[in-house]
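Beneath this line is the structure, given in structure tokens, with notes to follow.
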There are 2 protein chains.
Amino acid sequence: MELEKEIKQKSFKSPYHKLVLNILFSASWLNTLQNKTFKPYGISPQQYNILRILRGQQGKAVALSVLQERMIDKMSNASRLVDKLLLKEMVDRKQCPEDRRQVEISITEKGLDVLKQLDDKVNNLENSMSNVTEKEAAEVNRILDKMRD
Amino acid sequence: MELEKEIKQKSFKSPYHKLVLNILFSASWLNTLQNKTFKPYGISPQQYNILRILRGQQGKAVALSVLQERMIDKMSNASRLVDKLLLKEMVDRKQCPEDRRQVEISITEKGLDVLKQLDDKVNNLENSMSNVTEKEAAEVNRILDKMRD
DNA sequence: TCAAAATATATGTATATACATTTAATGTTT
DNA sequence: AAACATTAAATGTATATACATATATTTTGA
């Protein structure tokens, strides 16, 4: 739906002004969808993001700093998010022997299982955007990448 | 910068998958910029959003529910955000006599003054995206609006 | 008219974000 | 090696989000 209707605003002072609000609004919209998807499994979008990064390591453990730099939201607190995942036994954490300042995080069977259950639902979420063509998606990606230069 | 580099990911399984992450990442990026802009004035992006809605009313008071439906982030708690703005004396709140369930919020001189000081900085923020053309901005807007249908 | 439903806002609580500070370990310099 | 700087992670604190529930008022309708 048109952003104008979503936030009941007649017009914007420029396409750039609308662009900023549109990105923020769309992210909030996506976040709400994700929250609903993940909630039944007891995790948040950011916790999901961490689990996905860990699964991508094929079981290998990675330092917390690696999670930090790969997360979508750089401001989220990986240390505390890992705490929460530990409590739910979805990840393991151990001190790195070579550098005892570091901790190494890996995903557990339970974590992998939760991701597996979520895979279909996450795919559906992406497929539900099929009113956008692949070409359009690629075009938005190109422009957003450029916007942040 | 390419999202691939920003979150150190070699590739995405589809343009749609990248699109979701790109919107979330870009929103977080914008949010960080906004936070830095607003922080010296003691307000958050959401508080700024409320002040902007109120200024748009030309001094008229509006019900809390009006703020709620015009805010970019529908999940933010307008009631408590208004509390914060009240403490800073940037808004007024009074009970509506016709319907005492409602409260009417209006912006104060102090609030208008803060917005005025911020206008230039917010414009700069938008102008800094000038590597995106107007046409490209409009194109992203069109596609995002469609995505949320 | 009075009870029930609906509406507007406020509050409670758990979690997350933003950012500063602290703690512990490692590296570097003299 | 001792002093200092750097790095990795954890912690403190204020604010914000997500969502459920409560409170007060108004509307509806039996």
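First the proteins, then the strands, lettered A, B, ... as listed; each starts at 1. For clarity, every value in this text was computed on a predicted model and none was experimentally measured.
Scanning for side chain to side chain donor-acceptor pair (under 3.5 Å) contacts around A:D145 gives A:R148, B:K18, B:N22, with sequence neighbours left out. Partners of B:D120 under the salt bridge (charged side-chain N to carboxylate O under 4.0 Å, His left out) rule, at least two apart in sequence or in another chain, do not exist in this structure.
Contacts between residues 64-84 of chain A and DNA chain C, counted as heavy-atom distances below 4.0 Å, involve A:D73, A:M75, A:S76, A:N77, A:R80, A:K84.
Both A:T32 and B:P97 sit near DNA chain D, but only A:T32 has its closest nucleotide nearer the 5' end. DNA chain C is contacted by both B:E104 and A:K88; B:E104 maps to the nucleotide lying nearer its 5′ end (nearest heavy atom per residue).
Among D:dC19, C:dT9, C:dA16, the nucleotide with an atom closest to any side-chain atom of A:Q46 is C:dA16.
Rounded to whole Å, the distance from CD1 on B:I105 to C1' on C:dA10 is 12 Å. Rounded to whole angstrom, the span from the NZ atom of B:K39 across to the P atom of C:dT17 amounts to 16 Å. When the C1' atom of C:dA18 is taken as reference, atom CG of B:N31 falls 10 Å away, rounded to whole Å. Atom C1' of nucleotide D:dA9 and atom NZ of A:K94 are separated by 18 Å, given to the nearest angstrom. Taking atom CG of B:L87 as the reference point, atom C1' of D:dT15 lies 12 Å away to the nearest angstrom. Between the CZ atom of A:R100 and the C1' atom of C:dT23 there is a distance of 14 Å, given to the nearest Å. Between the CD atom of B:E98 and the P atom of D:dT27 there is a distance of 11 Å, rounded to whole Å. With rounding to whole Å, A:D99 atom CG is found 6 Å from C:dT26 atom P.
A distance-only check finds a donor-acceptor pair linking the side chain of A:E136 to the backbone of A:T133 [under 3.5 Å]. Using a distance-only test at 3.5 Å, with no hydrogens or angles considered, a donor-acceptor pair links the side chain of B:Y16 to the main chain of A:E134.
Checking the phosphate oxygens (OP1, OP2) of C:dA16, a side-chain nitrogen or oxygen of A:Q47 falls inside 4.0 Å.
Among the atoms of the strands shown, none is found under 4.0 Å from any heavy atom of B:Q34. Residue-level contact check: A:S44 touches the backbone only, with heavy atoms under 4.0 Å from sugar-phosphate atoms and none from bases. In this structure, A:Q95 reaches neither bases nor backbone, as no heavy-atom distance under 4.0 Å exists between it and the strands shown.
Between A:H17 and A:F12, the ring planes lie perpendicular to each other; the angle is over 60°, past the 30° to 60° tilted range.
Note that CD of A:Q95 is 10.5 Å distant from CD of A:Q102, once rounded to the nearest 0.5 Å.
Hydrophobic clustering keeps A:L3 apart from B:V122 (ILVMFWY residues linked when any side-chain heavy atoms are closer than 4.5 Å, directly or through intermediates).
A donor-acceptor contact under 3.5 angstrom links the side-chain atoms of A:R101 to the base of D:dT7.
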